[in-house]
Every structure is written in structure tokens, then in C-alpha cells.
Amino acid sequence: MTHLWVRAEQRPNEERVGLTPEGAAALIAAGIRVTVEDSHVRAIPIDGYRRAGCGIAPANSWPDAPLDAIIFGLKELPEDGTPLPHRHIMFGHAFKGQHSGRALLDRFKAGGGTLYDLEYLVDETGRRVAAFGYWAGYAGAAVTLKAWAAQQRGEVCGPVGVYSNKDELNAELLAELEATGANRPRAIVIGALGRVGTGASDLCKAMSVDVTKWDMAETASGGPFPEILDHDLFLNCIFARPGTPVFVPREALTAPRKLTAIGDVACDPDSDYNPVPVYDRATTWAEPALRVATDPVLDVIAIDNLPSMLPVESSEDYAAQLLPSLLTLTDLNAGVWAKAEETYNSHIERI
């Protein structure tokens, strides 16, 4: 019997989960065994999974799970260097030239396990079957506006946290913007037609922020793109990959510009293909804005788990998108799982 083991997330500020109790019930009805680890931080309480018929395991007990179990989580595993013998479903961040990804692949190779990277679960057209992108864009735009509002107060953006829903976030942000007494900033969103860009644009619209929407057609020339510097905010919603142009070069740090805040929602600072090479590390919930220039000011917001600010909405949305694929776990040699394993094998062979 196929056995899906949902692990507790161990990363700080990570309350999301990729399977709801309703989804777990559907998997069990389809003949898939489901075990869910207990968690004191998960946005969806454990009781719902218990009522759905899941087995309940202690938090972080997945290393001792049966070897035939498929371990399902979202964010990274503890970086303890141990070999990984299981099959894992997760965001590995290991296939786009990220320097930290090599260590993860080494662990899989040492243990003989397999990584089914959630970013590479694609249908027959090459489109991802599930993504947190909309809520990443929504939250990323919100934090970038918070950084701009802090600049108007002569400050750097302070800590951010979890919201019970988007209405709570919107109300707080609107009050911050109104308190500045300034006209709304102008924003440019690159990748505006995708899930991430749509979320970013929707947040801006909710805050009455004027948005210039660019996508592939507007960036096909490869740059440079001086228009970006003529906006107050830039929201990068395009993930780094070979051939991605540079949108804001390092020379922009000292160039005349209106741009004072960059929300790099894609957040790939250690990628060889980073399109915003004015910063070198991700930012955090405690310190969401990294000041990379002072004359004129420029702050970068690059938080790599933005949807966790809205964990219930983002979990429910993502889980609904992913469930049809999870229902096919009984045949890992076909469909999205076969494609994901092929992607993994093509990278592991290079090690």
C-alpha cells in the first residue's frame, strides 16, 4: 500500500501544510495510507487529520518512518548532513544552480533516496500543477509597501508576522500607508501575467497603488530596463533560470532613480541567474528589509517563505491544487511523478 507521511515543518515561521484533512480523507478513500506528524505550529490543527482517519506520529519522527513511506513536507530539511534514504516530496531548491542545493543532492545520493521537487511537478504542457505563487506575490507586495511606508518615516521596515487572513493584513497595511500622509507610490510588476504577479498586482490594487504590468513581451529585449528605476517600487515575480535578464544591475545602486524598494518575491539570491544582483542574501521575518544603498535609499525585501504570512489561505489553496496529483501516488512511474523523478535523476547524475 502506498504510504504518504506528512512531516512537521521545522523551519521557524512555517505554519503551512500541503495536505488538508479533507484531502487526507480523499487519499485514504483511494487506498493510500496517510500518516501526519503532530505539530504545535501547523495552521491546521491535528484533530482534523485524526478524524479523517490518518495515523498520527510524533513531530520530526520521519527519519524513522518505514523506508517505503513517501515523506511529504514543504520547506527544507534540517541541514545535518545525514544521508536521505526515503523518497521526499518537498521544495528542494536544488536544480537551478543554488549553491546550497548541492549539499542536499549529496545527501540523497548518499542515502539512495529520491527528491520529487514540488517546483518541478508539471503537467503535459510543462505548467506546474500546484504553486503558492499567488500568496507569495500578495504577501511580498504587502511587505514591500510596508518597507516603503517605513522609509517615509525615516526608518527601515520592522518585523513582520502571521495574519489570520488577508483582511487583517490589508487593514493593517492600509492604516500604515494612510499614516504616512504621502501619495501612493508607483509600482512595476515583472511577471504580471503569472500567479505570483497576479497576487502582487491584486494587493497593490487593494491598496490603491498604480501598477505597471510587464511580462515576457516587455522583457524580451534582454535589457537594460531604465523604466524600472522610474518607479518607486519594483516587484520581481519571475523565477531565476538560464536566460533570465538582469532587471536591476549593481550600477543602479548609485544611479539617479525613483526606485527605493525592491520586492524580490522570487528570492533566489544565491542563484547564478539572479535577475536582481544588488543583494546577496535572503531577508527574514525579523529583518525583512535589507538596505543596499543610502544615497538614494534602496531596500530589498527577499523573504523565501512569504505565503506563510497567510498560512491558512495559502495552505488550503495549494493543497486543493496538489490533491489530484497526490491521488496518483499509487503509480510513481507515470505522470507528474515520473517527470519529477526524471528531473531529479538528470541532476544527480552530474554529481
Check the pair Gln321 / Asp317 against side-chain hydrogen bond (donor to acceptor under 3.5 Å, both in side chains), numbers first and verdict last. CA-CA 7 Å; Gln321 296 174 54; Asp317 182 19; 3.2 Å; yes
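- Cluster membership check: Leu169 shares its hydrophobic cluster with Val160, using side-chain heavy-atom separations under 4.5 Å among Ile, Leu, Val, Met, Phe, Trp and Tyr.
- Of the options Thr144, Ile262, Val265, Leu233, a side-chain contact (heavy atoms from CB on, under 4.5 Å) to Ile301 is made by Thr144 and by none of the others.
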May I have the step-by-step check of side-chain contact (heavy atoms from CB on, under 4.5 Å) for Glu316 and Val312, ending in yes or no? CA-CA 6 Å; Glu316 291 176 345; Val312 174; 3.7 Å; yes
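- Put simply, Leu74 and Val122 are part of two different groups of oily side chains (I, L, V, M, F, W, Y) that touch within less than 4.5 Å, one to the next.
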Give the C-alpha distance, both sets of side-chain angles, the deciding distance and a yes or no for side-chain contact (heavy atoms from CB on, under 4.5 Å) between Glu218 and Glu227. CA-CA 11 Å; Glu218 291 81 3; Glu227 300 93 335; over 6 Å; no
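- Surrounding NZ of Lys213 are at most 12 heavy atoms belonging to other residues, nucleotides or ligands under 6.0 Å away.
- The two residues Arg107 and Asp80 make their nearest non-hydrogen contact at NH2-OD1, 2.9 Å.
- Put simply, CZ on Arg250 and CG on Leu253 are 5.0 Å apart, with the number rounded to the nearest 0.5 Å.
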Would you check, one step at a time, whether the test side-chain hydrogen bond (donor to acceptor under 3.5 Å, both in side chains) holds for Trp214 with Thr219? CA-CA 7 Å; Trp214 279 15; Thr219 59; over 6 Å; no
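- The shortest side-chain heavy-atom distance between Leu77 and Leu84 falls under the 4.5 Å cut-off.
- A distance of 11.5 Å separates CG in Asp264 from CD1 in Ile303, rounded to the nearest 0.5 Å.
- In the hydrophobic cluster analysis, where Ile, Leu, Val, Met, Phe, Trp and Tyr join through side-chain heavy atoms closer than 4.5 angstrom, Val17 is grouped together with Phe91.
- Atom CZ in Phe234 sits 14.0 Å away from atom CZ in Arg186 (nearest 0.5 Å).
- Of all heavy-atom pairs spanning Arg241 and Tyr273, the tightest one is O-CB, 3.5 Å.
- Checking side-chain atoms of Thr180 against main-chain N and O of Gln152 turns up no donor-acceptor pair under 3.5 Å.
- In this structure, CG in Leu121 is found 4.5 Å from CH2 in Trp337, a value given to the nearest 0.5 Å.
- Relative to the six-membered ring of Tyr318, Arg16 misses at least one condition, a distance below 6.0 Å or an angle of at most 45° to the axis.
- In the displayed structure, Arg33 atom CZ is contacted under 6.0 Å by at most 12 heavy atoms of other residues, nucleotides or ligands.
- A pairwise comparison of heavy atoms in Gln151 and Asp299 identifies NE2-OD2, 3.0 Å as the closest pair.
- In this structure, Ser201 contributes its side chain and Gly197 its backbone to a donor-acceptor pair below 3.5 Å.
- For the pair Pro275/Asn236, a side-chain contact is recorded, criterion being any heavy-atom separation below 4.5 Å from C-beta on.
- The backbone N or O of Asn333 lies less than 3.5 Å from a partner atom in the side chain of Asp331, making a donor-acceptor pair.
- Panel note: side chain Asp38, backbone Ala59; no donor-acceptor pair is recorded below 3.5 Å.
- Residues Ala206 and Asn170 approach most closely at CB-ND2, 4.3 Å, considering heavy atoms.
- Both Phe132 and Val6 are members of a single hydrophobic cluster when ILVMFWY side chains are connected at heavy-atom separations under 4.5 Å.
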Assess the residue pair Ile44 and Tyr49 against the criterion (side-chain contact (heavy atoms from CB on, under 4.5 Å)); give the C-alpha distance rounded to whole Å, side-chain angles, the decisive distance to 0.1 Å, and a yes or no. CA-CA 9 Å; Ile44 300 177; Tyr49 297 97; 3.9 Å; yes
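- Atoms CG and CZ, on Leu67 and Arg87 in that order, are 9.5 Å from each other to the nearest 0.5 Å.
- Residue Asn183 qualifies as open at atom CG: its count of foreign heavy atoms under 6.0 Å is 12 or below.
- Just one of Glu168, Met309, Glu15 meets the side-chain contact (heavy atoms from CB on, under 4.5 Å) condition when paired with Val162; it is Glu15.
- Side-chain atoms of Ser308 and Asn13, non-hydrogen and from C-beta on, never get closer than 4.5 Å to each other.
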Please determine whether side-chain contact (heavy atoms from CB on, under 4.5 Å) holds for the pair Val300 and Thr283, giving the CA-CA distance in whole Å, both sets of side-chain angles, and the decisive distance to 0.1 Å. CA-CA 8 Å; Val300 176; Thr283 61; 5.5 Å; no
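- Summarising the local packing, CD of Glu287 is surrounded by 12 or fewer heavy atoms from other residues, nucleotides or ligands at distances under 6.0 Å.
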Could you check Lys109 against Asp106 for salt bridge (charged side-chain N to carboxylate O under 4.0 Å, His left out), going step by step and ending with a plain yes or no? CA-CA 5 Å; Lys109 187 169 185 177; Asp106 284 342; over 6 Å; no
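- The backbone N or O of Cys267 sits nowhere less than 3.5 Å from a side-chain atom of Asp304 that would complete a donor-acceptor pair.
- The distance from the OH atom of Tyr163 to the CD atom of Glu313 is 13.0 Å, given to the nearest 0.5 Å.
- Using a distance-only test at 3.5 Å, with no hydrogens or angles considered, no donor-acceptor pair links the side chain of His231 to the main chain of Pro185.
- Judged by distance alone, with hydrogens and angles left aside, the side-chain atoms of Lys166 form no donor-acceptor pair with the main-chain N or O of Trp135 at under 3.5 Å.
- Salt-bridge annotation for Asp202 and Lys205: absent, with no side-chain N of the basic residue lying under 4.0 Å from a carboxylate O of the acidic one.
- Ion pairing of Glu9 with Arg7 is present here, as a side-chain N (NZ or NE/NH1/NH2) and a carboxylate O approach within less than 4.0 Å.
- Minimum heavy-atom separation, Met207 to Arg184: O-NE, 2.8 Å.
- Residues Ile190 and Phe239 do not share a hydrophobic cluster, defined by chaining ILVMFWY side chains whose heavy atoms lie under 4.5 Å apart.
- In this structure, Val196 and Leu235 have side chains that are not in contact, with every pair of non-hydrogen atoms separated by 4.5 Å or more.
- Between the Arg350 side chain and the Ser346 main chain, a donor and an acceptor come within less than 3.5 Å of each other.
- When side chains are defined from C-beta on, Leu326 does not count as touching Ile32, because their heavy atoms never get closer than 4.5 Å.
- For the pair Leu329 and Ile89, the minimum side-chain heavy-atom distance is below 4.5 Å.
- With respect to Glu172 and Lys146, a salt bridge is recorded, a charged nitrogen being found less than 4.0 Å from a carboxylate O.
- Results of the ring pair (Phe, Tyr, Trp, His ring centres under 6.0 Å) test with His88 over Trp5, Phe72, Tyr116, Trp62 single out Trp62 as the only residue that passes.
- Side-chain contact between Glu14 and Val41 is absent, with no heavy atoms from C-beta onward closer than 4.5 Å.
- Here the side chain of Glu155 pairs no donor or acceptor atom with the backbone of Ala150 at under 3.5 angstrom.
- The shortest side-chain heavy-atom distance between Lys75 and His93 falls under the 4.5 Å cut-off.
- Closest approach of Val34 to Ala24, counting heavy atoms only: CG2-O, 4.2 Å.
- A distance-only check finds no donor-acceptor pair linking the side chain of Arg281 to the backbone of Leu290 [under 3.5 Å].
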